[in-house]
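See structure below.
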Amino acid sequence: DLSNDAIASCEAAFRNLAQVIRSANQWLDSEDYDYSYRARLYDYVIDQVYEHVKHVFMNVGGIYRNDKSTDSSEPAYLSVPNELQRTSLLWIMDELENMSWIDDSSLLGNSGLLGSVADFCQKYFSNFIFTQVGAMWLSESKSNDPYTQQAAMQDIIDRVMRHARSGATPDDYNMYMQTLLVDQLISLSNVRSKPGSSSSAASSGSSFSLVEFSRISPDAITFPVMMQMLSEDDQIPANQYNSQLTGIRYERAPDKSHK
């Protein structure tokens, strides 16, 4: 509703939500005397983050559809431009790294929540990154200048591994992203298959399983290709990243407007 530019719209929405979070206690103190509204407020905030971020996600591997008529010269479908797809993917990863604006210790306490909403959002939405890349093949196949799965994965790897490559200490979220990346490597390989099993990476339960790699394109992402993308300096000590996904704890289950 704010713009036909999903990124600009999302940025404006985030600024508005940040103001709501900062001001909620002041605005509601005189009326929300039993904290019942504030107990639900973060549910609405997370829901709004989802509603706006999903439109940016739709740019990645997206396809525009136009209703055709006899006097229409527009194509029935058109892949989202290469650069917009890449910009959207990198913007999402940047925003997820900088979600601290959503945490307000006073509002969290008055909402009856333990933990971090930022941590919850980071881990919840990060899983969509690999799922979206796995669905890029259709848009890629319909474009003369596609943003390919391989290019997208290279951008993800470069972004996730930049701390390790520079020798900097990664934060908790970056370590979580490294864990997701390694999990994709495992899922795209056959290392989980039983000896003698004929199961393949494409049917292994990976978030990329919508893509039949051997049929779509020689450039489609496969386990060996991803391993080539990772340099020897990027090898991740497995014993450092074995923690389970943890996030915000609710004293009651939050209401959801989506599945």
Side-chain angles (χ1 to χ4, degrees), residues 1-11 13 49-96 124-160 177 180-181 183-185 187-189 199-230 258-259:
D1 295 339
L2 299 176
S3 170
N4 63 353
D5 181 333
I7 293 176
S9 175
C10 201
E11 289 175 341
V49 171
Y50 169 83
E51 288 297 327
H52 286 87
V53 167
K54 74 178 181 182
H55 293 292
V56 183
F57 268 112
M58 289 170 67
N59 283 338
V60 183
I63 296 178
Y64 299 128
R65 294 193 305 167
N66 300 304
D67 293 332
K68 292 292 290 182
S69 62
T70 56
D71 58 349
S72 174
S73 61
E74 295 180 334
Y77 59 84
L78 184 69
S79 294
V80 173
N82 178 328
E83 191 55 37
L84 179 55
Q85 292 194 47
R86 183 172 188 269
T87 298
S88 298
L89 177 63
L90 296 179
W91 181 88
I92 289 167
M93 297 187 73
D94 282 340
E95 286 300 306
L96 290 178
Y124 179 69
F125 292 113
S126 292
N127 288 278
F128 296 159
I129 292 173
F130 294 99
T131 301
Q132 198 70 14
V133 171
M136 288 176 63
W137 63 270
L138 181 59
S139 176
E140 179 180 339
S141 69
K142 301 298 182 182
S143 173
N144 293 325
D145 181 28
Y147 184 44
T148 65
Q149 288 180 310
Q150 185 167 350
M153 281 306 306
Q154 187 63 66
D155 285 334
I156 292 172
I157 289 171
D158 289 342
R159 183 60 57 94
V160 171
M177 285 300 294
L180 284 185
L181 180 60
D183 186 62
Q184 291 302 316
L185 293 174
S187 296
L188 289 168
S189 72
S199 62
S200 64
S203 60
S204 64
S206 161
S207 60
F208 290 84
S209 60
L210 291 175
V211 184
E212 294 184 33
F213 298 108
S214 62
R215 295 185 181 181
I216 299 300
S217 164
D219 293 327
I221 299 298
T222 61
F223 178 69
V225 170
M226 289 184 69
M227 287 302 293
Q228 291 171 8
M229 292 179 183
L230 285 165
H258 60 278
K259 299 295 183 182

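Bear in mind the structure is a predicted one, so any value in this text is a computation, not a measurement. All values below come from the heavy atoms of this structure, side chains included, with hydrogens, waters and symmetry mates left out.
Pairs passing the salt bridge (Lys or Arg N to Asp or Glu O under 4.0 Å) check and including a residue from residues 142-156, sequence neighbours excluded, read R86-D155. Annotation: salt bridge (Lys or Arg N to Asp or Glu O under 4.0 Å) contacts involving residues 53-64, sequence neighbours excluded, comprise E51-K54.
Judged as a side chain to side chain contact (heavy atoms under 4.5 Å, CB included), and not counting sequence neighbours, the contacts of S88 are I7, V56, N59, V60, L84. Applying the side-chain hydrogen bond (donor to acceptor under 3.5 Å, both in side chains) criterion to E11, with sequence neighbours excluded, gives W91. Applying the side-chain hydrogen bond (donor to acceptor under 3.5 Å, both in side chains) rule to D94 yields the partners R159; only residues at least two apart in sequence or on another chain are considered. For the side-chain hydrogen bond (donor to acceptor under 3.5 Å, both in side chains) test, no residue two or more places apart in sequence or in another chain qualifies with S143.
At least one donor-acceptor pair under 3.5 Å links the side chain of N66 to the backbone N or O of P75. Between the side chain of S139 and the backbone N or O of S79, no donor-acceptor pair lies under 3.5 Å. Remark: side-chain polar atoms of E140 are paired, donor with acceptor, to backbone N or O of Q149 under 3.5 angstrom.
Taking CZ from F130 and CG from D183, the interatomic distance works out to 9.0 Å, rounded to the nearest 0.5 Å. Taking CZ from F125 and CE from M93, the interatomic distance works out to 15.0 Å, rounded to the nearest 0.5 Å. With values rounded to the nearest 0.5 angstrom, M136 atom CE is found 11.5 Å from L138 atom CG. Going from atom CE of M153 over to atom CG of L89 covers 9.5 Å, rounded to the nearest 0.5 Å. Atoms CG and CD, on L90 and E95 in that order, are 12.0 Å from each other to the nearest 0.5 Å.
Between E83 and Y147 the shortest side-chain heavy-atom distance does not fall below 4.5 Å. When side chains are defined from C-beta on, S9 counts as touching H52, because their heavy atoms get closer than 4.5 Å. Inter-residue side-chain proximity for M177 and S126 is flagged as met; some heavy-atom pair is nearer than 4.5 Å. Using a 4.5 Å heavy-atom threshold, the side chains of V80 and I63 count as separate. Contact annotation: the side chain of Q85 never approaches that of T148 to less than 4.5 Å [non-hydrogen atoms, C-beta and beyond]. At a threshold of 4.5 Å between non-hydrogen side-chain atoms, the residues I129 and F57 count as touching.
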